There are 2 protein chains.
Amino acid sequence: MKEKPIISNAVIRRLPRYRRYLKELKKSTDKVSSKELSELTGYTASQIRQDLNNFGDFGQQGYGYNVDVLFEGINAILGLGKSYNMVMAGGGNLGKAIANHNYYYKTGFIVTAIFDKNPELIGKKIRDIEIYDYLDMKDYIEENGIDIGVICTTKDSAQEVADIFCSAGVRGIWNFAPVDLQIPDNVCIENVHLSDALYSLAYYMNNTKSE
Amino acid sequence: MKEKPIISNAVIRRLPRYRRYLKELKKSTDKVSSKELSELTGYTASQIRQDLNNFGDFGQQGYGYNVDVLFEGINAILGLGKSYNMVMAGGGNLGKAIANHNYYYKTGFIVTAIFDKNPELIGKKIRDIEIYDYLDMKDYIEENGIDIGVICTTKDSAQEVADIFCSAGVRGIWNFAPVDLQIPDNVCIENVHLSDALYSLAYYMNNTKSE
DNA sequence: TAGATTGTTAATCGATTAACAATC
DNA sequence: TAGATTGTTAATCGATTAACAATC
């Protein structure tokens with residue numbers, strides 16, 4: 001196997017942000033310089049050039065970057081060409097919102113089924129997505145080649161759900177429960193710890209320089 | 001004014017995580033060492049001691065840290081003693097979920113009102129929180145001393161909402177819209193860019209070492 | 001006292017920024 | 001060609017880790 005250079009996490013986190021600005025830029029222009037991107041994103045021009053250079057030959061000296069090429073390039077790096085099948089564990093409020101929140105459907109992330117333990121929810125639908133019995137989740141994942149599992153349960157059920165996800169073969173987990181989960185090395189995880197974010201916000205509200 | 005040492009953002013982001021583990025530990029033990037915390041959190045013991053030392057005298061040599069003292073200490077640092085009044089702009093799916101998601105109510109973050117432009121939503125309730133006309137938002141914030149504004153609108157309305165929030169005097173913004181917002185220096189912002197997180201996850205799913 | 005574990009300094013590592021040669 | 005802007009190396013900065021003296 002070819003040795004790919006290891007790209008730091010910090011770089012990867014910036015890519016979706018570049019992507020957002022490029023998507024806007026596409027509407028009005030063909031080219032963009034690192035300096036212009038710097039003014040938009042707030043990153044230094046130097047950092048932007050460093051970041052993009054990790055992936056090869058996007059720019060052209062004396063010209064800048066072609067917006068379309070760069071946008072599509074970042075899509076390809078992130079893996080946004082293909083589509084991803086997702087299932088969700090937990091059809092309560094949070095699950096409902098995430099399943100309804102159609103923003104990322106456009107980029108190919110599709111929730112195909114929701115699973116819950118609550119008999120009152122089983123059989124109902126969120127959008128056109130059916131809520132099934134939690135006991136059938138593992139089989140469903142195996143039979144339908146699910147790529148990503150979304151955890152919208154309470155923190156007490158989250159590890160159990162993660163275990164089922166992993167043993168059934170998902171490759172990624174999007175976790176909204178406020179716990180850190182134990183998962184095997186070959187499964188990727190992205191945590192959205194909402195209350196952690198709120199607590200950091202509180203800190204900064206109480207510790208701003210202006211006084 | 002006394003010069004407080006500037007604590008790096010990386011440290012602040014780890015505090016809520018320490019807090020979560022300490023909350024669990026409180027149930028079973030009085031004391032914890034940096035080594036034990038390291039095993040739980042995955043941070044190195046050295047880093048934990050460095051982090052905690054930013055804030056003074058939590059530990060005791062030869063003993064470790066008192067779990068209660070440390071837990072309360074971190075609460076105090078984050079500013080979790082007091083309560084925070086919040087309003088939400090956007091009573092759609094995402095807003096509904098966040099308003100329903102009661103996890104952070106316990107720590108004093110209380111949504112007191114929701115505002116929307118949609119006449120079909122105005123007058124309805126989410127939980128016991130009423131949805132009001134968006135036009136009344138500014139007055140409400142000013143009259144009720146609101147601390148935090150939550151943005152659950154589409155990306156196209158988000159900047160407008162942020163402007164109203166800031167001019168009405170909120171001190172913090174919790175933004176769920178997929179845009180970066182312009183805000184004055186004295187207002188703090190915490191962005192939850194859900195799709196950005198999903199795109200990073202996709203990257204790692206396509207670029208894991210195991211192949 | 002001996003053992004344990006912090007507080008804190010010093011060393012290392014990694015990420016960001018600056019600078020400039022390459023080149024379109 | 002002259003001007004612009006990247007690609008890329010070197011310098012700087014900051015964060016993490018290691019080490020150990022202080023001390024409970």
Side-chain angles (χ1 to χ4, degrees), chain A residues 3-18 21-22 25 29-74 77 200 203-204 209, chain B residues 3-18 21-22 25 29-74 77 200 203-204 209:
Chain A
E3 270 303 312
K4 278 191 204 167
I6 290 147
I7 314 285
S8 86
N9 185 256
V11 175
I12 300 307
R13 302 279 149 187
R14 286 193 288 269
L15 293 180
R17 190 137 183 242
Y18 292 134
Y21 285 101
L22 289 165
L25 282 168
T29 180
D30 283 345
K31 86 164 200 124
V32 67
S33 68
S34 57
K35 184 154 170 284
E36 288 161 338
L37 263 180
S38 167
E39 279 152 20
L40 288 169
T41 60
Y43 304 134
T44 65
S46 194
Q47 180 164 64
I48 292 168
R49 292 202 299 279
Q50 287 273 25
D51 281 358
L52 299 179
N53 250 95
N54 282 303
F55 305 101
D57 55 342
F58 282 128
Q60 191 171 334
Q61 277 134 323
Y63 172 81
Y65 299 88
N66 177 292
V67 175
D68 267 335
V69 169
L70 191 51
F71 179 76
E72 292 306 332
I74 288 178
I77 294 161
S200 306
Y203 173 85
Y204 283 108
K209 48 264 121 171
Chain B
E3 270 300 313
K4 278 190 204 168
I6 290 147
I7 314 285
S8 87
N9 185 255
V11 175
I12 301 306
R13 301 279 149 189
R14 284 191 289 269
L15 293 180
R17 190 137 183 241
Y18 293 132
Y21 285 100
L22 289 165
L25 281 169
T29 181
D30 283 345
K31 83 161 202 126
V32 68
S33 68
S34 57
K35 185 154 169 283
E36 288 161 338
L37 263 180
S38 166
E39 278 153 21
L40 288 169
T41 60
Y43 304 135
T44 65
S46 193
Q47 179 164 67
I48 291 168
R49 291 202 300 279
Q50 287 274 24
D51 282 357
L52 298 180
N53 250 95
N54 282 303
F55 305 101
D57 54 343
F58 283 127
Q60 191 171 332
Q61 277 134 324
Y63 173 81
Y65 300 87
N66 177 291
V67 175
D68 266 336
V69 169
L70 191 51
F71 179 75
E72 292 306 334
I74 288 178
I77 293 161
S200 307
Y203 173 83
Y204 284 107
K209 49 261 121 175

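What you see is a predicted model; the values in this text were computed from it and never measured. Below, chain A is the first sequence line, B the second, and so on; all start at residue 1.
Checking the phosphate oxygens (OP1, OP2) of C:dT5, a side-chain nitrogen or oxygen of B:K31 falls inside 4.0 Å. For the OP1/OP2 pair of D:dT16 and a distance below 4.0 Å, the side-chain nitrogens and oxygens of B:R14 include at least one atom meeting the criterion. One finds a side-chain N or O of B:S34 lying less than 4.0 angstrom from the OP1 or OP2 phosphate oxygen of C:dT6.
Note: CG (B:L37) to C1' (C:dT6) measures 13 Å, nearest angstrom. Taking atom CZ of residue A:F58 and atom C1' of nucleotide D:dT6, one finds them 14 Å apart after rounding to whole Å. The CZ atom of A:R49 sits 10 Å away from the C1' atom of C:dA18 (whole-angstrom rounding). In this structure, the CG atom of A:D51 is 14 Å from the C1' atom of C:dG14, given to the nearest Å. A:L52 has its CG atom 12 Å from the P atom of D:dT8, to the nearest Å. The CD-C1' distance, from A:E39 to D:dT5, rounds to 14 Å in whole Å. As rounded to whole Å, 10 Å separates atom P of C:dT6 from atom CG of B:N53. Per the geometry, CG belonging to B:N54 stands 15 Å off P belonging to D:dG14, to the nearest Å.
Comparing atom distances between the B:T44 side chain and each of C:dT6, D:dT6, D:dT17 picks out D:dT17 as nearest. Residue B:Q47 has its side chain nearest to D:dT17 when only D:dA10, D:dC24, D:dT17 are considered. Side-chain proximity of B:Q50 to the nucleotides D:dT5, D:dT9, D:dT17 is greatest for D:dT17. Looking at the side chain of A:Y65, the nearest of the listed nucleotides D:dT5, C:dT6, D:dG7 is D:dG7.
Comparing A:A10 and B:Q61 against DNA chain C, the residue whose closest nucleotide sits nearer the 5' end is B:Q61.
Base engagement by B:S46 is indicated by at least one non-hydrogen atom pair under 4.0 Å involving a base atom.
With values rounded to the nearest 0.5 angstrom, A:L25 atom CG is found 5.5 Å from A:L40 atom CG. Put simply, CG on A:N53 and CD1 on A:I48 are 12.5 Å apart, with the number rounded to the nearest 0.5 Å.
Looking only at distances, a side-chain donor or acceptor of A:E36 sits under 3.5 Å from a matching main-chain atom of A:S33.
Using N1 to N3 plus N6-O4 or O6-N4 for Watson-Crick, or N1-O2 and O6-N3 for G-U wobble, each under 3.5 Å, D:dC20 pairs with C:dG7. For C:dG14, the paired base is D:dC13 (Watson-Crick or G-U wobble, both distances below 3.5 Å).
Shown here for A:Y203 and B:I77, the closest heavy-atom pair between the two residues is CD1-O, 3.3 Å.
A donor-acceptor contact under 3.5 angstrom links the side chains of A:D51 and A:Y18, judged on distance only.
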